[in-house]
Enquirer: 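Here you go, one structure.
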Amino acid sequence: MAIVEQDRPAGPLALPAGDGEHREREPLGVFSRPVHARGWRSWLFTVDHKRIGIMYGAAALFFLILGGVPALLIRAQLAGPNGTVLTADQYNQVMTMHGTVMIFLVVMPIGACFINYLVPLQIGARDVAFPRLNALSFWTFLFGGLFLNLSWILGGAPDGGWFSYAPNTGVVFSPTHGMDFWALTIIITGIASSVGAVNLIVTMLNMRAPGMSLMRMPIFTWMALVTQFLLLFAIPVLTVAAFLLFFDRRFGANFFDVSQGADPLLWQHLFWIFGHPEVYLMILPAFGIVSEVLPVFARKPLFGYPFVVFSGVAIAFMGFGVWAHHMFASGLGPVSVAAFALATMFIAVPTGVKIINWVATMWGGRLKFDPAMLFAIALVLQFTLGGLSGVTHAIAPADTQQTDTYYIVAHFHYVLFGGALFGFVAGWYFWWPKVFGYKLNRTLGLVHFWWMVIGFNLTFGFMHILGLQGMPRRIYTYADGMGWNLWNMVSTAGAFILATSFIVFFVNIFVSRKHKTHEVDPWDARSIEWMTSSPPPAHNFDEIPVVHHLDEFWYRKYAEDDDGQLVQIATGDEVYRKELAQAEQDHAAEHMHMPSVSYWPIVFSAGLPLVGLGMIFNLGLAVLGGLVSLVALFGWVLEPSVAPEDSHGPAPASEEEAVSVG
Amino acid sequence: MSRRRDARRWLLAVGVGLVLVLTACAEDAPQDTLQPKGPEAQTIHNLIVPIFVVAGVVGLLVFAAVAFVMVKYRAGKFHATDVPEQVHGNPKLEIGWTILPAIIMAAIAVPTVSVIFDLASKPTDAMEINVVGQQWWWEFDYPGTNVVTANEIVIPAGEPVVVNITSRDVIHSFWVPGLNGKKDAVPGRTSSITIQADEPGRYMGACTEYCGLSHANMRIVAVALTPDDFDEWLANQETAAAAPTGADARAGLEVFNGRGCGACHMIDGAGVTQQPQVVPLVSGVAPNLTHLMSRDVFAGAMFPLKNPDGTLNRPLLEAWLRNSPAMKPMYPQGGRGMPAQGLTEQQIDDLVAYLSTLK
């Protein structure tokens, strides 16, 4: 291959640049760029969107354990009446941490994992617009998550619920430092989300391959774009709310102090103006994944692509106008309740459109039931159930019976677990061979699938009944004789089945990784991220594809013959080799300039939890943390955009070698 | 073919069995939301049941469609090189299935909005009860009388009762599912709902807004009495507690006063005249004990005060007086909940003797 891959940056867009066009001054000591192309330091300082995506996924799986163990403790405590596994105080901490960790440190980061990895590949870009900011997002999220979990050993985890309703989260009612950790974590991870949103929006709007109009953008990227706009507008509201809460707690502000005339509903409005778009920004990436997986395994294009795109956009818009349906019991008055009930009902319309379009995508196809496809179909069905129970909440009078019962717990687990997480697992099975060069074992995948479907539905399905039988949420115990014993026991059994299904998944990863095939196109896929090697090189594509169709890759493999019949004209591998030959011919003399790795994103992020700890325990420490981040910002600005040419070791022979260290 | 018929029979059997199991289990659920006991709850029930049916039908259609597609279009039925027609969409169809759910939603919206306003309208000249939530029990006071009680909300059967709900500390939610939906108790605000029980009886409820440590132990019992029984109950509640006569009960009153129990608990007419000490935003107030023995439950309706035969559940009450924080998670050092009193067994016996005179 004639393209020399070197870690020499040439501006943020990393476009190929001619050699020797600019002479750089020798950079000063600490402000030189790191040059590690492999080894653990290459991961710490990386700015490669693919490595950052992988790290997002790995970190999210780690937090999945930290959020899953509390879930199992909850189910163990509630297995029977008058449980004694946890005390009330422990239960409240465990419940709060389960919700907070799963939402902010598992589901959102898994979304970020897919979006970071796939978006530049799907739009034919070499990286995101601001690679160092991308690294900053990841490390800030990771350190924020670790900071939150420090609370377990520093005086107690937060105990106010993931929703943190004032005034129960005030310092009077929650005197440990748990809620301080919670509020600061929200602020820190909020930085990660907001920075990431700006970065990815710029990337998607500006860096698409030639010919890729917005309506030729792969559906996953579309949903990612919508998600990032949701983040951009929703996260700041939560950040403000967390600041208000923290100022109340730490500095005696009176934002939520009723005796000073505050209205505690202020918190609920702020929280849910964030909280409802949050629901959609967690589910939309999974919708995008399913909309990619179903067409590939049905060998048909996504049915009604424009409808699916616009229904996603409509969901996002309407998602900002339905927040008060979380507050139907809080005494808003009938006019507000009626308005929000109507808005909520009509959000069912675009959601319903998506579901019917997915079914129509499969209709008339040639369905292959690989694990990715099965997880995607499970999402369609389970999300349908979650969506239908969601419609019943929109019936505000009925919601006053259902809200804050296990019916709601069932509903949002069907949406977030049966929906989002099943979609993510589908995505893992689907893109795994592209990312790591090997397929996950099909048999183990099927075991994983059935075990997870059974476990999931046992755990959460019967919670509908528990809720309708009047079992309130967030209770650490319940009395005998309420009629709740049987289904709680079933649910607990299901939870442990569900937990073991993830062990099957981890075993599958471990077993399958020996069988690398580096197949370019194992599923006969449709979009251009499959038109590069598996795993892709650091620069993603040797030749940036020129896009003529929505399903560009498919139409390079299939064309109509003289009778109008669709026939295969090339295999995916042949298409890839053709591109490779083209690149050889066009760019043989050029160097590929990719952004250099950088010390500063991780240093900046490392300062933030110090600021957090300092705000809680010792303001001196906060100053120190602030200085660390400040120095990082100066380093960031002052580091050269180009590392000296002679400081490079030999480029890795293949990306696989670089990736395999992780 | 026969295999498929077998499968169908199986499905039917499983379905019928499931329905039987589900309905059988609902019968002994005293907090069931699907067994309305009064007109407000019935209104909600009448609204939601048809919507459950519609949702069920839609769900079944989606499941059936997916099952059909999965059987009919599985790749194994076709030749491996066979490429299906690349259908990109059908705008007419899609507009159709955009409008269809919109129509269903519009049809659901009309009765929903009308019920929202129905339930929000207050009946004229109905009896009112003020409900105050606090960590972790409920106080009920009857405006126009001096009656203040706890944990059990006593109402006349067959009549609408307006409850005005607020809180002294954090947000709670008042919910007796047999009588109406829930309404949050928000400090600084008062929200009203109407409840009515058609028949005399005891209806279970609970706090349903997470309110801290003992949220699970903040339960409610709505006691509906016939109008005559209710008048009798109210008349009794309005009388002050009689001075104790027995020696041990008198000793118990002395313990009560000597230990400063009256700082939080009020007992009318027993020489205990301190008003409850209202600590803003921290529950410093404890249940009014003037007619403690007229109630069947105590400590946030967590424990039965009476045995099934109506006699005092002495061991539980004694255990409570011995060490209340061990029985119910509370936060007495923060002024919320009853602290352990360090009473001697003699003092506990005396106190119980006194308390059992508070009929």
Side-chain angles (χ1 to χ4, degrees), chain A residues 88-89 161 165 167-168 172-173 258-259 263-264 299-301 303-304 307 329-331 334 337-338 341-342 345-346 348-349 352-353 355-356 359 362-368 380-381 384-385 388 391-392 395-398 400-401 404 465 468-470 472 474-477 482-483 486 558 566, chain B residues 22 25 28-29 31-34 44 47-48 51 55 58-59 62-63 65-66 69 73-75 78 83-84 86 88-89 94 97-98 101-102 105 109 112-113 115-117 119-120 170-171 173 177 181-184 186-189 191 206 208-216 280-282 329:
Chain A
D89 184 34
Y165 271 15
N168 189 42
V172 175
F173 300 105
V258 181
S259 64
D263 185 346
R299 305 188 83 199
K300 266 185 76 211
F303 193 90
F307 274 75
S330 64
V337 168
L342 292 181
M345 282 178 204
F346 283 95
V349 174
V353 167
I355 290 172
I356 305 177
V359 178
M362 291 190 278
W363 197 286
R366 305 287 180 265
L367 307 187
K368 272 189 276 189
V380 174
L381 295 178
T384 300
L385 291 180
L388 289 169
V391 170
T392 65
I395 319 301
T400 63
Q401 291 285 25
D404 285 322
I465 298 171
L468 292 174
Q469 289 181 349
R474 300 159 187 153
I475 53 173
Y476 77 93
T477 189
M482 301 300 286
L486 172 65
Y558 293 89
L566 209 59
Chain B
L22 300 188
C25 286
D28 20 294
Q31 212 158 293
D32 198 352
T33 63
L34 297 178
I44 296 174
L47 177 66
I48 193 64
I51 288 166
V58 172
V62 173
F63 271 70
V66 170
V69 170
Y73 297 109
R74 62 185 194 277
F78 302 90
V83 183
Q86 302 291 296
H88 287 273
E94 287 167 80
W97 64 56
T98 310
M105 288 300 143
T112 301
V113 172
V115 170
I116 289 171
F117 283 92
L119 288 175
V170 302
I171 300 175
S173 195
K182 54 186 74 74
K183 185 66 91 179
D184 287 358
V186 182
R189 283 176 171 242
S191 312
T208 44
E209 187 59 84
Y210 174 66
C211 59
L213 198 58
S214 231
H215 167 56
L281 290 179
V282 178

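Protein chains get the first letters and strands the later ones, always in sequence-line order, with residue 1 at the start of each.
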Enquirer: Could you look at Ala109(B) and say if it's the side chain, the backbone, both or neither that has a heavy atom under 4.5 Å from chain A?
Expert: both

Enquirer: Given the options Asp89(A), Leu388(A), Leu468(A), which has more heavy-atom pairs under 4.5 Å with chain B than any of the others?
Expert: Leu468(A)

Enquirer: Run the side-chain contact (heavy atoms from CB on, under 4.5 Å) check on Met105(B) and Val391(A) step by step: do they pass?
Expert: CA-CA 9 Å; Met105(B) 288 300 143; Val391(A) 170; 3.8 Å; yes

Enquirer: Heavy-atom cut-off 4.5 Å, strictly under: side chain, backbone, both or neither for Tyr476(A) against chain B?
Expert: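 Answer is both: backbone and side chain atoms of Tyr476(A) are under 4.5 Å from chain B.
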
Enquirer: Which one, Asp263(A), Leu381(A), Val380(A), Ile475(A), leads in non-hydrogen pairs under 4.5 Å with chain B?
Expert: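 Max contact count across the listed options: Leu381(A).
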
Enquirer: Counting only non-hydrogen atoms closer than 4.5 Å, does Val337(A) touch chain B with its backbone (N, CA, C, O), its side chain (CB onward), both, or neither?
Expert: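 Contact with chain B is through both the backbone and side chain of Val337(A).
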
Enquirer: Could you look at Thr33(B) and say if it's the side chain, the backbone, both or neither that has a heavy atom under 4.5 Å from chain A?
Expert: both

Enquirer: What part of Arg189(B) lies closer than 4.5 angstrom to a heavy atom of chain A: side chain, backbone, both or neither?
Expert: side chain

Enquirer: With side chains defined as the heavy atoms from C-beta onward, is the minimum distance between Met345(A) and Thr112(B) less than 4.5 Å?
Expert: yes

Enquirer: Where the side chain of Asp184(B) meets the backbone of Val186(B), is there a donor-acceptor pair that is under 3.5 Å apart?
Expert: no

Enquirer: For a quick test of reading the model, state the closest non-hydrogen atom pair linking Pro84(B) to Gly364(A) and the distance between them.
Expert: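 Heavy atoms only, the tightest pair is CB-O, 3.4 Å.
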
Enquirer: Any chance you could measure Lys300(A), atom NZ, to Tyr73(B), atom OH, to the nearest 0.5 Å?
Expert: 8.5 Å

Enquirer: Quick one: which of Leu385(A), Ile395(A), Leu566(A) has the most heavy-atom pairs under 4.5 Å with chain B, could you say?
Expert: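 It is Ile395(A).
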
Enquirer: By side-chain hydrogen bond (donor to acceptor under 3.5 Å, both in side chains), which residues pair with Gln401(A), not counting sequence neighbours?
Expert: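 Gln401(A) satisfies side-chain hydrogen bond (donor to acceptor under 3.5 Å, both in side chains) with Trp175(B) once adjacent residues are dropped.
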
Enquirer: Taking side-chain hydrogen bond (donor to acceptor under 3.5 Å, both in side chains) as the definition, give me every residue that meets it alongside Thr477(A), ordered by chain and number, with sequence neighbours left out.
Expert: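 Thr477(A): no side-chain hydrogen bond (donor to acceptor under 3.5 Å, both in side chains) contacts found.
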
Enquirer: So, taking the atom named CZ in Phe173(A) and the one named SG in Cys211(B), what distance separates them when rounded to the nearest 0.5 Å?
Expert: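 The CZ atom of Phe173(A) sits 10.5 Å away from the SG atom of Cys211(B).
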
Enquirer: Which bit of Ala338(A) comes within less than 4.5 Å of chain B, counting heavy atoms only: side chain, backbone, both or neither?
Expert: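 Contact with chain B involves both backbone and side-chain atoms of Ala338(A).
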
Enquirer: Starting at CD of Gln31(B), measure out to CE of Met482(A) and round the result to the nearest 0.5 Å.
Expert: 4.0 Å

Enquirer: Heavy atoms only, distances under 4.5 angstrom: which of Gly331(A), Pro301(A), Pro472(A) has the most pairs with chain B? Name it, please.
Expert: Pro301(A)

Enquirer: Distance check, rounded to the nearest 0.5 Å: Asp404(A) atom CG versus His215(B) atom NE2?
Expert: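 One gets 7.0 Å once the value is rounded to the nearest 0.5 Å.
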
Enquirer: At a heavy-atom separation under 4.5 Å, does Ala216(B) approach chain A through its side chain, its backbone, both, or neither?
Expert: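 Interface part for Ala216(B): both.
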
Enquirer: Indicate yes or no: at least one non-hydrogen side-chain atom of Arg299(A) is less than 4.5 angstrom from one of Tyr558(A).
Expert: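 Sidechains of Tyr558(A) and Arg299(A): in contact.
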
Enquirer: Of the backbone (N, CA, C, O) and the side chain (C-beta and beyond), which part of Ser330(A) lies under 4.5 Å from a heavy atom of chain B, both, or neither?
Expert: both

Enquirer: Below 4.5 Å, heavy-atom pairs only: which of Ala88(A), Gly161(A), Ala341(A), Pro397(A) has the largest tally toward chain B?
Expert: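 Greatest number of close heavy-atom pairs with chain B: Pro397(A).
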
Enquirer: Checking heavy atoms, do the side chain of Ile171(B), its backbone, both or neither come under 4.5 Å from chain A?
Expert: both

Enquirer: By a 4.5 Å heavy-atom criterion (distance strictly below it), what part of Leu119(B) contacts chain A: side chain, backbone, both, or neither?
Expert: side chain

Enquirer: Side chain, backbone, both or neither: which part of Leu47(B) has a heavy atom under 4.5 Å from chain A?
Expert: side chain

Enquirer: If we define contacts as heavy-atom pairs under 4.5 Å, which of Val359(A), Val353(A), Ile356(A), Val349(A) has the most with chain B?
Expert: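 Option with the top pair count is Ile356(A).
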
Enquirer: Among Val115(B), Val58(B), Val66(B), who wins on heavy-atom pairs under 4.5 Å with chain A?
Expert: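 Between Val115(B), Val58(B), Val66(B), the count favours Val66(B).
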
